[in-house]
Amino acid sequence: MSPPDLKKAIHGFSVNRGEFGAASRGVAALKSVLANIGFPSQATRRALVACYELAMNIVIHANSGEVTAVIDNGRLEVIARDVGPGIPDIELAMQDGYSTAPAEIRDLGFGAGMGLPNTKRVSDELEVDTRVGYGTTVRALIVPKERDLVGPPYFHSVRLDSSRCKGCTNCIKGCPTEAIRVRAGKALILEDRCIDCGECIRRCPNQAKFAASSSWEELDDYDYKVALVAPSFYGQFGDSDPGKVAGALIGPGGFDEVFNVARAADLASRLMREYVEKTPRPRPLISPACPVILRLIQVKFPSLLDHVIPCEAPMEIAAWMVKTRLSRELPNKKVGVFFITPCPAKVTASRQPVGRGRSLVDGTIPVSRAYLWVREHLDQARPVLFPDSTGLGMGWGRSGGEMAAVGVSGLAVDGISAVASVLEEIEKGQFQDIDFIEAQACTGGCVGGPLTVENPFVARLRIRTLAVKHRASAPDPAVFSVPSDEPSVWFTQPLLPRPVYKLDEDPDKASEMRARIDKVEQELPGLDCGACGAPTCRALAEDAVLGRGSVWDCVFKLREKLQELSQEVTRLSAILPPAMGVGRGVEGPEGPGGEPPLEIGKETKGQ
């Protein structure tokens, strides 16, 4: 792909003193522009940090100003011009922590004196031109180091049953990547954008969305079957001992063994704690445990991929622990390892894992299906040993439990919208004083997965109670015996971005398409009502330019057009043919268009 040949401004916005929201919106819009033209992810991250810091400098120190992004032969220049007091001492202003921000700004958490220093750190070149009493112009140059490698297409576990779909548009509003449209009365999933979070499954009132997991009958394909049971599964049962719940899974037609994933969570906690302590940069580091968040970062926040701790999730570590042991104990048996999953993302992770070539998990059974099995066999169940992990390992099933188990300072965020907002702040260079981010797509953590059956708040309380009750329990010996450099517990392949928002391979064409999208969006009402089948007016504008929709899908635009046509029909219906007399209705004697009528048999001028 060749870079654009011409120097051109691709984005710009104005801000005034105190307009913090305008600065954030301008940075978010720049991110969208850079994604559309395919600007490399790491260079995008640096550009967003520079843009944010320079815009905030205007908001805090100047009277007003504007920020412009200019592309020039593949390089990006962020230019901030302001009208304000200027900078009396540039050398002093470039020092970390030096700030002239007033006290009221500092009380809001801004003005820490890192604006220009941070901009310099992320820029390849930085130029500051200031005039005291008049204002300042800052130019930050961002030069991409290399183009992005791109990951392969997704396997998707979230599927659509069109026969059940009523075209109600409930699903399009909840999708975090705007991956769903409604066309011809049926939902349509844009597979390149879907991250298998399962929000559409949760929201669909007609059960038209489902997770394509393993069937219970697939257990018969194996000589020895092992159920990997996560802590969230025990949160579904309030009236039964966890040991008996696990025992109900074992028996004819079921499993031969149950392995509690909390044992692997204890090991993952140790590995992640060591990684955080030994890795000073970048900050904050992000947990790899939730596969939805990994895919969200690949699609919407690819510049943060190097923030992800490259440790396998407990599900994969548990499968490795089981298969390593059984390869010695049952060398001639075909062993099948099945994860009892609370979400479709784990199904996808078992079929197309992130960070490794092939998963060790052979299949996935939804929590809802395993729950029914347990209820049917609970009375005849023989309890198994419980617990066989620490209480901290059990706590991984709820939001905040993972961070407590890892044992480092950090932030626990649950709910995909909340996680996305935190990732947006990290992209701007915020939260660098935080070591660790626990990020879970489902509200409440895994107990809130779309394939669970219990109220997530009730299940979360049960998990917390179990964790406290067994806080002194001993961990699996593997927690201490597995060396930190064991390859099987770490990613073996790089995390790659998935640039699904790129409009065209040619940046010039992408910029042109972006301009057309902006123009179409301005013509739309801006209500984001979803009646057109797209989640927002912006999404409809993109669809119209990309040829997968029409501006007339908007009912408001269509109504305006029908009103115009109705008026035109009314006007035309009042026009009488010349043979019917002089009276020509609303047109008057001059005829249509104001031209005098041509009288037959009379010469016209010029004949």
Practice problem: Among residues two or more places apart or on two chains, list those pairs meeting side-chain hydrogen bond (donor to acceptor under 3.5 Å, both in side chains) that have a residue in residues 85-95. | Solution: none
Quiz item: For the side chain of R273 and the backbone of V406, is there at least one donor-acceptor N/O pair under 3.5 Å apart?
Solution: yes
Exercise. List the atom of L30, the atom of A47, and the distance in Å for their closest heavy-atom pair.
Key: CD2-O, 4.4 Å
Quiz prompt | Minimum heavy-atom distance R183-C532, with the two atoms named | solution = NH1-O, 3.3 Å
Practice problem: Mark yes or no for whether S421, through its side chain, and A418, through its backbone, hold a donor-acceptor pair below 3.5 Å. | Solution: yes
Self-check item: Exam field: side chain S123 to backbone L126, donor-acceptor pair closer than 3.5 Å
Solution: no
Quiz item: Would you say S269 and L392 make side-chain contact, with heavy atoms under 4.5 Å?
Solution: no
Quiz item: Which heavy-atom pair separates S484 from L271 by the least distance, and what is that distance?
Solution: CA-CD2, 4.1 Å
Practice problem: Indicate the atoms forming the closest heavy-atom contact of A349 with M315, along with that distance. | Solution: CB-CE, 4.2 Å
Practice problem: Taking Q440 for its side chain and G415 for its backbone only, find out whether a donor-acceptor pair lies under 3.5 Å. | Solution: no
Exercise. Supply the atom-to-atom distance F155 CZ to T348 OG1, rounded to the nearest 0.5 angstrom.
Key: 5.5 Å
Quiz prompt | Considering all heavy atoms, the nearest T177-V299 contact | solution = CG2-CG1, 4.3 Å
Practice problem: Indicate yes or no for a side-chain donor-acceptor contact from D414 to the backbone of G444 under 3.5 Å, with no hydrogens or angles considered. | Solution: yes
Quiz item: Which residues satisfy the salt bridge (Lys or Arg N to Asp or Glu O under 4.0 Å) test with R181, sequence neighbours excluded?
Solution: D543
Self-check item: Contact check, side chains of C204 and C171, non-hydrogen atoms, under 4.5 Å
Solution: no
Exercise. Can you establish whether the number of heavy atoms outside R131 located under 6.0 Å from its atom CZ is more than 12?
Key: no
Quiz item: Does any non-hydrogen side-chain atom of M272 lie less than 4.5 Å from one of V408?
Solution: no
Practice problem: Would you mind reporting whether P344 and H156 have side-chain heavy atoms less than 4.5 Å apart? | Solution: no
Exercise. Would you check if there is a donor-acceptor pair between the side chains of T44 and S303 at a distance under 3.5 Å?
Key: no
Distance-only donor-acceptor hits, side chain of residues 51-60, under 3.5 Å, sequence neighbours excluded:
unit_1	atom_1	unit_2	atom_2	d
E53	OE2	N118	ND2	3.0

Quiz item: How many angstroms lie between atom CG of L540 and atom CG of D553, to the nearest 0.5 angstrom?
Solution: 6.0 Å
Practice problem: Locate the shortest heavy-atom distance separating C175 from A179; write the atom from each residue and the value. | Solution: SG-N, 3.1 Å
Self-check item: Trace of the side chain to side chain contact (heavy atoms under 4.5 Å, CB included) decision for I286 with L423
Solution: CA-CA 10 Å; I286 302 172; L423 295 178; 3.9 Å; yes
Quiz item: Would you say the side-chain atoms of W396 and S232 include a donor-acceptor pair closer than 3.5 Å?
Solution: no
Quiz prompt | Contact list for residues 527-537, test salt bridge (charged side-chain N to carboxylate O under 4.0 Å, His left out), sequence neighbours left out | solution = none
Quiz item: Regarding H307 and R281, is there a side-chain donor-to-acceptor distance under 3.5 Å anywhere?
Solution: no
Practice problem: Could you tell me which residues satisfy salt bridge (Lys or Arg N to Asp or Glu O under 4.0 Å) with D306, sequence neighbours excluded, listed by chain and number? | Solution: none
Could you tabulate the donor-acceptor pairs under 3.5 Å formed by side-chain atoms of residues 428-435, not counting sequence neighbours?
unit_1	atom_1	unit_2	atom_2	d
K428	NZ	E425	OE2	3.3
Q432	NE2	G429	O	2.8
D435	OD1	R283	NE	2.8
D435	OD2	S409	OG	3.1

For residues 515-527, which side-chain N or O atoms pair as donor and acceptor with protein atoms under 3.5 Å away, sequence neighbours left out?
unit_1	atom_1	unit_2	atom_2	d
D518	OD1	R538	NH1	2.5
D518	OD1	R538	NH2	3.2
E521	OE1	R538	NH1	2.8

Practice problem: Working to the nearest 0.5 Å, report the span between CG of L503 and OG of S511. | Solution: 9.0 Å
Quiz item: Counting only N and O atoms by type, is there a donor-acceptor contact under 3.5 Å from the side chain of E277 to the main-chain atoms of E274?
Solution: no
Exercise. Show the numbers, then the answer: is there a salt bridge (charged side-chain N to carboxylate O under 4.0 Å, His left out) between E512 and K509?
Key: CA-CA 5 Å; E512 179 185 347; K509 291 182 180 178; over 6 Å; no
Quiz item: Does a side-chain heavy-atom distance below 4.5 Å link D72 with E77?
Solution: no
Quiz item: About how many Å separate OG of S550 and NZ of K557, when rounded to the nearest 0.5 Å?
Solution: 10.5 Å
Quiz item: In Å and rounded to the nearest 0.5 Å, what is the CD1 to CG distance from I71 to L34?
Solution: 7.0 Å
Practice problem: Could you check if a side-chain atom of E199 sits within less than 4.5 angstrom of a side-chain atom of K173, using non-hydrogen atoms only? | Solution: no
Quiz item: Is there a donor-acceptor contact under 3.5 Å from the side chain of D196 to the main chain of V158?
Solution: yes
Exercise. Evaluate the side chain to side chain contact (heavy atoms under 4.5 Å, CB included) criterion for residues F436 and Y275: first the C-alpha distance (whole Å), next the side-chain angles of each, then the deciding distance (0.1 Å), finally the verdict.
Key: CA-CA 11 Å; F436 178 74; Y275 186 89; over 6 Å; no
Self-check item: R193/E542 salt bridge by N-O under 4.0 Å criterion
Solution: yes
Quiz item: Partners of F20 by ring-ring contact (aromatic ring centres under 6.0 Å, His included), sequence neighbours excluded?
Solution: F110
Quiz item: Using 4.0 Å as the upper bound for N to carboxylate O, is an ion pair formed by K120 and D96?
Solution: no
Exercise. Apply side chain to side chain contact (heavy atoms under 4.5 Å, CB included) to the pair F491 and R356, showing each step before the final yes or no.
Key: CA-CA 6 Å; F491 290 168; R356 65 184 297 126; 5.8 Å; no
Quiz prompt | Partners passing salt bridge (Lys or Arg N to Asp or Glu O under 4.0 Å) against K31 (at least two apart in sequence or in another chain) | solution = E427
Quiz item: Would a 4.5 Å heavy-atom cut-off, applied to side chains only, mark S417 and P176 as touching?
Solution: no
Listed pairs under 3.5 Å, donor-acceptor, residues 132-143 side chains, sequence neighbours left out:
unit_1	atom_1	unit_2	atom_2	d
T136	OG1	T130	OG1	2.8

Self-check item: H11: ring-ring contact (aromatic ring centres under 6.0 Å, His included) partners, not counting sequence neighbours
Solution: F13
Quiz item: What's the spacing between T279 OG1 and I309 CD1 if we round to 0.5 Å?
Solution: 8.0 Å
Quiz item: Got a sec, which residues hit salt bridge (Lys or Arg N to Asp or Glu O under 4.0 Å) with E438, two or more places apart in sequence or on another chain?
Solution: none
Quiz prompt | Intermediate values then yes/no, side chain to side chain contact (heavy atoms under 4.5 Å, CB included), I180 and L188 | solution = CA-CA 6 Å; I180 306 177; L188 170 69; over 6 Å; no
Quiz item: Any side-chain heavy atom of S287 sitting closer than 4.5 Å to one from E402?
Solution: yes
